[in-house]
Amino acid sequence: QVHLVESGGGLAQPGGSLRLSCAASGFTFSSYALSWARQPPGKGLEWVSGITSEGDTYYTDSVKGRFTISRDNAKNELYLQMNSLKPEDTALYLCAALRDGNSWHQWVLYDYWGQGTQVTVSS
């Protein structure tokens, strides 16, 4: 059975940092591209960052230079280091897996999703 379990969310002050983790099981983790997506309160799902099976990384413009995605295939874990957090980063953050790293924004192509971890940025 496939599981993607996010952790590391919480309350942070503007300018602060959080590190999200996503623990995966039940599928060949190293063969999949992986994404972080987020859903702000009352809004739709937004793609944040992706990493291919080869380790190439991609970011939406609003987080470039502040967020860093990484993966550890030995541990079957995905990470998102979030620095210089802003109130507009407040959202439910989800990790997801897909086979084609060229299809980041096509939600229907994602094979597996986690339940999400809440990030709130507020003073």
Side-chain angles (χ1 to χ4, degrees):
Q1 190 171 3
V2 172
H3 292 284
L4 288 173
V5 181
E6 301 91 339
S7 61
L11 177 64
Q13 291 190 340
S17 299
L18 286 173
R19 186 184 190 227
L20 306 184
S21 298
C22 174
S25 61
F27 65 102
T28 308
F29 181 83
S30 60
S31 298
Y32 279 74
L34 303 163
S35 278
W36 286 99
R38 66 187 180 186
Q39 186 166 23
K43 297 185 179 180
L45 196 60
E46 174 191 19
W47 178 79
V48 175
S49 180
I51 185 168
T52 68
S53 58
E54 294 83 12
D56 296 324
T57 58
Y58 301 85
Y59 301 91
T60 193
D61 286 346
S62 63
V63 308
K64 282 180 181 176
R66 300 190 298 121
F67 290 10
T68 303
I69 190 171
S70 61
R71 65 190 295 166
D72 186 334
N73 290 337
K75 294 183 177 180
N76 284 3
E77 290 192 349
L78 173 70
Y79 308 103
L80 186 68
Q81 178 66 45
M82 305 188 296
N83 298 328
S84 302
L85 283 163
K86 303 176 180 180
E88 50 264 43
D89 294 320
T90 295
L92 181 69
Y93 283 73
L94 304 99
C95 64
L98 74 165
R99 293 185 181 274
D100 182 0
N102 294 315
S103 303
W104 302 119
H105 298 89
Q106 299 184 49
W107 306 128
V108 295
L109 296 181
Y110 282 77
D111 293 292
Y112 310 118
W113 288 88
Q115 295 296 310
T117 185
Q118 180 66 39
V119 171
T120 302
V121 183
S122 175
S123 56

Distance-only criterion, 3.5 Å: show the donor-acceptor pairs between side-chain atoms of residues 18-35 and protein atoms not counting sequence neighbours.
unit_1: Tyr32; atom_1: OH; unit_2: Arg99; atom_2: NH2; d: 2.9
unit_1: Ser35; atom_1: OG; unit_2: Trp47; atom_2: NE1; d: 3.0
unit_1: Ser35; atom_1: OG; unit_2: Tyr110; atom_2: OH; d: 2.8

Taking atom CD of Gln81 as the centre, report whether more than 12 heavy atoms of other residues, nucleotides or ligands fall under 6.0 Å from it.
-> yes
Test salt bridge (Lys or Arg N to Asp or Glu O under 4.0 Å) applied to Arg38 - qualifying residues, sequence neighbours left out = Glu46, Asp89
Under 4.5 Å between any side-chain heavy atoms of Thr117 and Ser7, yes or no?
-> no
Considering non-hydrogen atoms only, spot the tightest contact between Lys86 and Val121 and give its length.
-> O-CB, 3.3 Å
When rounded to the nearest 0.5 angstrom, what is the spacing between OG in Ser70 and CG in Asp72?
-> 8.0 Å
Criterion side-chain contact (heavy atoms from CB on, under 4.5 Å) on Gln118 and Tyr93, from CA distance to verdict | CA-CA 6 Å; Gln118 180 66 39; Tyr93 283 73; over 6 Å; no
Aromatic ring proximity Trp104/Tyr58, centre distance under 6.0 Å = yes
Indicate the atoms forming the closest heavy-atom contact of Gly116 with Leu92, along with that distance.
-> C-CD1, 3.7 Å
Examine Trp107 and Leu98 and state if one hydrophobic cluster contains both, with Ile, Leu, Val, Met, Phe, Trp and Tyr joined whenever side-chain heavy atoms are less than 4.5 Å apart.
-> yes
Sidechain-backbone polar pair: Arg71 side chain, Thr52 backbone, donor-acceptor under 3.5 Å | yes
Output for pair (Leu4 CG, Cys95 SG), nearest 0.5 Å, gives 4.5 Å
Common cluster, Tyr112/Leu80, ILVMFWY with side-chain heavy-atom separation under 4.5 Å | yes
Between OG1 on residue Thr60 and CH2 on residue Trp36, distance to nearest 0.5 Å = 16.0 Å
Out of curiosity, does Leu45 fall in the hydrophobic cluster containing Tyr59 (side-chain heavy atoms, cut-off under 4.5 Å, transitive links)?
-> no
What pair of heavy atoms forms the shortest contact from Gly114 to Leu94, and how long is it?
-> O-CD2, 3.4 Å
Would you give the length of the straight line joining atom CG of Leu85 to atom OG1 of Thr90, rounded to the nearest 0.5 angstrom?
-> 8.5 Å
Close side-chain approach of Tyr79 to Ile69, heavy-atom, < 4.5 Å | no
In one Ile/Leu/Val/Met/Phe/Trp/Tyr side-chain cluster, 4.5 Å: Leu78, Phe67 = yes
Between side-chain atoms of residues 8-15 and protein atoms elsewhere (two or more places apart, or another chain), which donor-acceptor pairs fall under 3.5 Å?
none

Ser84 side chain to Arg66 backbone, donor-acceptor under 3.5 Å = no
